[in-house]
A.B. asks: 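After the structure tokens below, expect a handful of questions from me.
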Amino acid sequence: MRAAPTILHLDMDAFYASVEQASKPSLRGKAVIVGGLGPRGVVATASYEARRFGVHSAMPTAQARRLCPNGAYLIPRFTLYRQVSDVVMAMLRELSPLVEPLSLDEAFVDLEAGGVAFDSDSARATGERLRADIRAATGLSGSVGLAGSKMLAKVASEEAKPAGLLLIEPGTERELLAPMSVRTLPGVGPATGEHLRRAGITTVGELVEAGEDELVRMIGRAHGAGLYRMALGLDDRAVVAERDAKSVSVEDTFDVDLHDRVRIRGEVQRLADRCVTRLRGSGHSGRTIVLKVRRYDFSTLTRSETLRGPTDDPGVVREAAARLLEAVDTTGGVRLLGVGVTGLADYTQEDLFAQSLAAGPEAADAAGSTGGVGGTGGAGGADRTGAAAGRAEPEAADGAAGAPDGPEPPGEPQEPPERRWAAGSDVRHVLYGPGWVQGSGVGRVTVRFEQPGSEPGRVRTFRVDDPDLEPSDPLPLVGDTSG
């Protein structure tokens, strides 16, 4: 514990939904829900307006629609979220060399290490200036917590939401924590919280009164002793600037179970290519290829194969994933597929024989497991999405998978597939300029033409195959929006 509140925790407010409201003027002040839009979709983030209806992250989208039928339901746009996150994280690194990102929208900062704060007054001034700078650069609000430890700084930022700042003065920790729920403390999830409730312990103050010995008896020595220290406000963890990436992966959940083995193979190939794109983007290569298959009955299988050396060759990853798929029974149907690469390195071993000399599949059969292939770990890692997605960074919150690539079979010319326009995606029209998709169906797509900083725009409807309407890249939230 520090004698001054020089550890800062920043948490952007309803980040994905706030980005969408900032980029779509007609949605400001309205209920916005970002996540998977299909039958099996999950809410990634809900705006504060939507939360009043009981909508929250990790909730099935179908349930959210029942609670908030008039909300705007949008797909995630991770490209834009990462761009905004990069701006915010750069501001934090101007304050200190010790910045520990937890996700796209959350990070710890050691202000003392940056020489910008040594006491309560200077820490508060720095926090207020940071919030103002973020607002000016992005148009978004963030909540700031300041304390003498990481745990307390995070508690403070949560209490400050939305768009606030809370500084916990050293010496007041126990008084502040005492009335709070035990679920406030890190490591107290639903199971531990229920176990404590049954013992009559629901607040942090009651944890302290129970004493360390009683907590050790109830939940074990390691967990009990650690929980007692946190209840006293004691936390000596340092802000860690760098974390090594452990894995890179992508996955898709499909609206309808896949039964066609050819289609399944095509989806695995597509996921392998996306995984390699992300792997190269992170500047890594990897030795172990992992395939994840969630079947019709929710049982989850993982298979892995370790190559002779690290690779970022899409052909190698595709072929390894295809071999792993051959060992999986998909007879009853598949609802989710994922491809990942672990054992990361920052170099590639050019070995043309890597795949032929690969070790046999290390069958890691985790039937019934709910664990994922794993997301890109490390600094600037993922956002908090999907059923509390374990900090994995999803490429899409639900299935948007198309048919596998390949030449058309001989015979009659095939009709081009109907273009699909997901709600919330960016478009540009030759005459009307930039806009976003409000919805589509029965051969029509409805677009609202507006952009960040404009007045709410007009709505127009087109055929889904209108040649003048094309997908577009997101426009920046602040600054030049003419591109």
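Please read these numbers as outputs of a predicted model, since none were measured by experiment. Because only heavy atoms are used, hydrogens play no part in the values below, and waters and symmetry mates are left out as well, while side chains stay in.
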A.B. asks: Can a donor-acceptor pair be found, under 3.5 Å and without considering hydrogens, that links the side chain of R183 to the backbone of V188?
C.D. replies: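 Between the backbone of V188 and the side chain of R183 there is a qualifying donor-acceptor contact (under 3.5 Å).
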A.B. asks: Does any N or O in the side chain of H9 come within less than 3.5 Å of the main-chain N or O of A156, such that one atom is a donor and the other an acceptor?
C.D. replies: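 No; zero donor-acceptor contacts below 3.5 Å.
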A.B. asks: Could you go through L74 and W436, starting from their C-alpha distance and side-chain angles, then the distance that decides it, and tell me whether this counts as side-chain contact (heavy atoms from CB on, under 4.5 Å)?
C.D. replies: CA-CA 10 Å; L74 311 173; W436 59 278; 3.9 Å; yes
A.B. asks: Compare all side-chain heavy atoms of L165 with those of E128 and state whether any distance is below 4.5 angstrom.
C.D. replies: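 Counting from C-beta outward, L165 and E128 do come under 4.5 Å.
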A.B. asks: Looking at CD of E100 and CD1 of I7, how far apart are the two atoms once the value is rounded to the nearest 0.5 Å?
C.D. replies: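 Rounded to the nearest 0.5 Å, the CD-CD1 separation comes to 9.5 Å.
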A.B. asks: Say whether E20 and Y81, considering side chains only, have a donor N or O and an acceptor N or O under 3.5 Å apart.
C.D. replies: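 Result is yes, a qualifying pair exists.
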A.B. asks: Within the structure provided, determine whether S18 and L140 are in side-chain contact (heavy-atom separation under 4.5 Å).
C.D. replies: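 In short, these two side chains touch, coming nearer than 4.5 Å.
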A.B. asks: What are the two closest non-hydrogen atoms of A14 and A46, and how far apart are they?
C.D. replies: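 Looking at all heavy atoms of both residues, the shortest contact is CB-O, 3.8 Å.
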A.B. asks: Please enumerate all residues that pass side chain to side chain donor-acceptor pair (under 3.5 Å) together with T6, with sequence neighbours excluded.
C.D. replies: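 Scan of T6 (side chain to side chain donor-acceptor pair (under 3.5 Å), adjacent residues dropped) gives R2, E112.
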A.B. asks: Can you establish whether the number of heavy atoms outside R221 located under 6.0 Å from its atom CZ is more than 12?
C.D. replies: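 No, because the 6.0 Å sphere around CZ of R221 holds 12 heavy atoms or fewer from other groups.
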A.B. asks: Taking all non-hydrogen atoms of both residues, which atom of S440 and which atom of W421 are closest, and how far apart?
C.D. replies: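 Closest approach of S440 to W421: OG-O, 3.0 Å.
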A.B. asks: What's the verdict on side-chain contact (heavy atoms from CB on, under 4.5 Å) for M180 and V155, showing C-alpha distance, side-chain angles and the deciding distance?
C.D. replies: CA-CA 10 Å; M180 293 184 178; V155 168; 3.8 Å; yes
A.B. asks: Mind checking whether V293 and L291 have side chains closer than 4.5 Å, heavy atoms only?
C.D. replies: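 Sidechains of L291 and V293: in contact.
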A.B. asks: Evaluate the criterion salt bridge (charged side-chain N to carboxylate O under 4.0 Å, His left out) for residue pair R270 and E267; output intermediate values, then yes/no.
C.D. replies: CA-CA 5 Å; R270 183 178 60 85; E267 294 299 339; 2.6 Å; yes
A.B. asks: Can you measure from CG (L146) to CG (L167) and round to the nearest 0.5 angstrom?
C.D. replies: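 Here the rounded value is 5.0 Å.
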A.B. asks: Quick one, V19 and T138 - any side-chain contact, counting heavy atoms below 4.5 Å?
C.D. replies: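 No. Closest side-chain heavy atoms not under 4.5 Å.
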A.B. asks: Ignoring hydrogens and angles, state whether a donor on the side chain of S141 or D13 is under 3.5 Å from an acceptor on the partner side chain.
C.D. replies: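 Result is yes, a qualifying pair exists.
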A.B. asks: Do E106 and K154 meet the salt-bridge criterion of a basic N to acidic O distance under 4.0 Å?
C.D. replies: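 Salt bridge between K154 and E106, a charged N being under 4.0 Å from a carboxylate O: yes.
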A.B. asks: Please tell me if the side chains of R278 and V250 come closer than 4.5 Å, counting only heavy atoms from C-beta onward.
C.D. replies: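 The answer is yes, as the side chains (C-beta and beyond) meet within the 4.5 Å cut-off.
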A.B. asks: Measure the CG-CD distance between D313 and E319 for me, rounded to the nearest 0.5 Å.
C.D. replies: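 Spacing of CG (D313) from CD (E319) equals 8.5 Å.
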A.B. asks: Within 45° of the axis and under 6.0 Å from the centre of the six-membered ring of F298, does NZ or CZ of R335 qualify?
C.D. replies: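 Satisfied, under 6.0 Å and within 45°.
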A.B. asks: Quick one: does any side-chain atom of S143 pair with a main-chain N or O of A163 as donor and acceptor, under 3.5 Å?
C.D. replies: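 At least one qualifying donor-acceptor pair exists.
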A.B. asks: What's the verdict on side-chain contact (heavy atoms from CB on, under 4.5 Å) for I264 and L325, showing C-alpha distance, side-chain angles and the deciding distance?
C.D. replies: CA-CA 9 Å; I264 293 171; L325 179 63; 4.0 Å; yes
A.B. asks: In a check of side-chain contact (heavy atoms from CB on, under 4.5 Å) between V317 and each of L279, L271, D273, I289, which one passes?
C.D. replies: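 It is I289; the other options fail the test.
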A.B. asks: Calculate, to the nearest 0.5 Å, the distance between atoms CG and CG belonging to D297 and D257 respectively.
C.D. replies: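 D297 CG to D257 CG: 9.5 Å, rounded to 0.5 Å.
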A.B. asks: Mark yes or no for whether S47, through its side chain, and A17, through its backbone, hold a donor-acceptor pair below 3.5 Å.
C.D. replies: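 The answer is no, because no donor-acceptor pair under 3.5 Å joins these two groups.
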A.B. asks: For D252, is there an ion pair with R274 - N to carboxylate O distance below 4.0 angstrom?
C.D. replies: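 So R274 pairs with D252 through a salt bridge.
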A.B. asks: Search all heavy atoms of V99 against all heavy atoms of S96 and return the closest pair with its distance.
C.D. replies: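 Nearest heavy atoms, V99 then S96: CG2-O, 3.5 Å.
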A.B. asks: Give me the atom names and distance for the closest heavy-atom approach of G340 to C275.
C.D. replies: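 G340 and C275 have their closest heavy atoms at CA-SG, 3.9 Å.
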A.B. asks: Measure from the side-chain N and O atoms of R287 to the backbone N and O of T306, and report whether any donor-acceptor pair falls under 3.5 Å.
C.D. replies: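 Between the backbone of T306 and the side chain of R287 there is no qualifying donor-acceptor contact (under 3.5 Å).
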A.B. asks: Is Y73 reaching over with its side chain to a backbone N or O of R65, donor-acceptor style, under 3.5 angstrom?
C.D. replies: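 Such a contact is found between Y73 side chain and R65 backbone.
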A.B. asks: According to side chain to side chain donor-acceptor pair (under 3.5 Å), who are the partners of S122, at least two apart in sequence or on a separate chain?
C.D. replies: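 In terms of side chain to side chain donor-acceptor pair (under 3.5 Å), with neighbours along the sequence ignored, S122 is linked to D119.
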A.B. asks: Below 4.0 angstrom, N of the basic side chain to O of the carboxylate: do E326 and R323 qualify?
C.D. replies: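 Salt bridge between E326 and R323, a charged N being under 4.0 Å from a carboxylate O: no.
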A.B. asks: What pair of heavy atoms forms the shortest contact from A137 to M91, and how long is it?
C.D. replies: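 Looks like CB-CE, 3.0 Å.
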A.B. asks: Side chain to side chain contact (heavy atoms under 4.5 Å, CB included) with E173: which residues, sequence neighbours excluded?
C.D. replies: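 Counting only residues at least two positions away or on another chain, E173 forms a side chain to side chain contact (heavy atoms under 4.5 Å, CB included) with M1, L152, I168, P170.
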A.B. asks: Restricting to side chain to side chain contact (heavy atoms under 4.5 Å, CB included), what partner residues turn up for H195, sequence neighbours left out?
C.D. replies: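 Scan of H195 (side chain to side chain contact (heavy atoms under 4.5 Å, CB included), adjacent residues dropped) gives M218, I219.
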A.B. asks: Okay, side chain of D235, backbone of M151: is any donor-acceptor separation there less than 3.5 Å?
C.D. replies: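 Looks like yes, one N/O pair under 3.5 Å.
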A.B. asks: Can any side-chain N or O of T192 pair as donor or acceptor with the backbone N or O of G189 at less than 3.5 Å?
C.D. replies: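 No.
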A.B. asks: Just so I know, are the side chains of S304 and V290 near enough to count as touching, which here means a heavy-atom distance under 4.5 Å?
C.D. replies: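 When only atoms from C-beta onward are counted, V290 and S304 do touch, with a gap below 4.5 Å.
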A.B. asks: If I take atom CG from residue D133 and atom CZ from residue R129, how far apart are they, to the nearest 0.5 angstrom?
C.D. replies: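 If we round to the nearest 0.5 Å, D133:CG and R129:CZ are 7.0 Å apart.
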A.B. asks: Sequence neighbours left out, what passes side chain to side chain donor-acceptor pair (under 3.5 Å) with E194? Give chain and number order.
C.D. replies: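 With sequence neighbours excluded, E194 shows a side chain to side chain donor-acceptor pair (under 3.5 Å) to R197, R198, given in chain and number order.
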A.B. asks: Hey, does H284 have a side-chain heavy atom less than 4.5 Å from the side chain of D312?
C.D. replies: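 Of all side-chain heavy-atom pairs linking H284 with D312, none is under 4.5 Å.
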A.B. asks: Is the charged tip of R40 near the ring of F254: under 6.0 Å from the six-membered ring centre and within 45° of its axis?
C.D. replies: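 No, a cation-pi geometry is absent between R40 and F254.
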A.B. asks: Check whether the side chains of R77 and S23 place a donor and an acceptor atom closer than 3.5 Å, and report yes or no.
C.D. replies: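 Present: a donor and an acceptor within the cut-off.
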A.B. asks: Determine yes or no for a side-chain-to-main-chain donor-acceptor pair under 3.5 angstrom, with S85 supplying the side chain and L104 the backbone.
C.D. replies: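 Checking the backbone N and O of L104 against the side chain of S85, a donor-acceptor pair under 3.5 Å is found.
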A.B. asks: State plainly whether the residues R229 and E212 are in salt-bridge range, i.e. N to O under 4.0 Å.
C.D. replies: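 Judged by the 4.0 Å cut-off on N to carboxylate O distance, R229 and E212 do not form a salt bridge.
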A.B. asks: I'd like to know if the side chain of S425 reaches the main chain of A422, judged simply by a donor and an acceptor atom lying under 3.5 Å from each other, with no hydrogens or angles considered.
C.D. replies: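 At least one qualifying donor-acceptor pair exists.
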A.B. asks: Say you draw a straight line from CG of L232 to CG of L227; how long is it, rounded to the nearest 0.5 Å?
C.D. replies: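 So the gap between those two atoms works out to 10.0 Å.
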A.B. asks: With sequence neighbours excluded, what pairs up with Q83 under the side chain to side chain contact (heavy atoms under 4.5 Å, CB included) test?
C.D. replies: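 Counting only residues at least two positions away or on another chain, Q83 forms a side chain to side chain contact (heavy atoms under 4.5 Å, CB included) with T79, L80.
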A.B. asks: Which heavy atom of L207 sits nearest a heavy atom of A231, and at what distance?
C.D. replies: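 Smallest interatomic distance, heavy atoms only, reads CB-CB, 4.1 Å.
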A.B. asks: Run the side-chain contact (heavy atoms from CB on, under 4.5 Å) test on V339 and K292 for me, step by step, so that the C-alpha distance in whole Å, both residues' side-chain angles and the decisive distance to 0.1 Å come before the verdict.
C.D. replies: CA-CA 6 Å; V339 174; K292 173 181 174 182; over 6 Å; no
A.B. asks: Under a 4.5 Å cut-off applied to non-hydrogen side-chain atoms, are L130 and L95 in contact?
C.D. replies: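 Yes, at least one pair of side-chain atoms sits under 4.5 Å.
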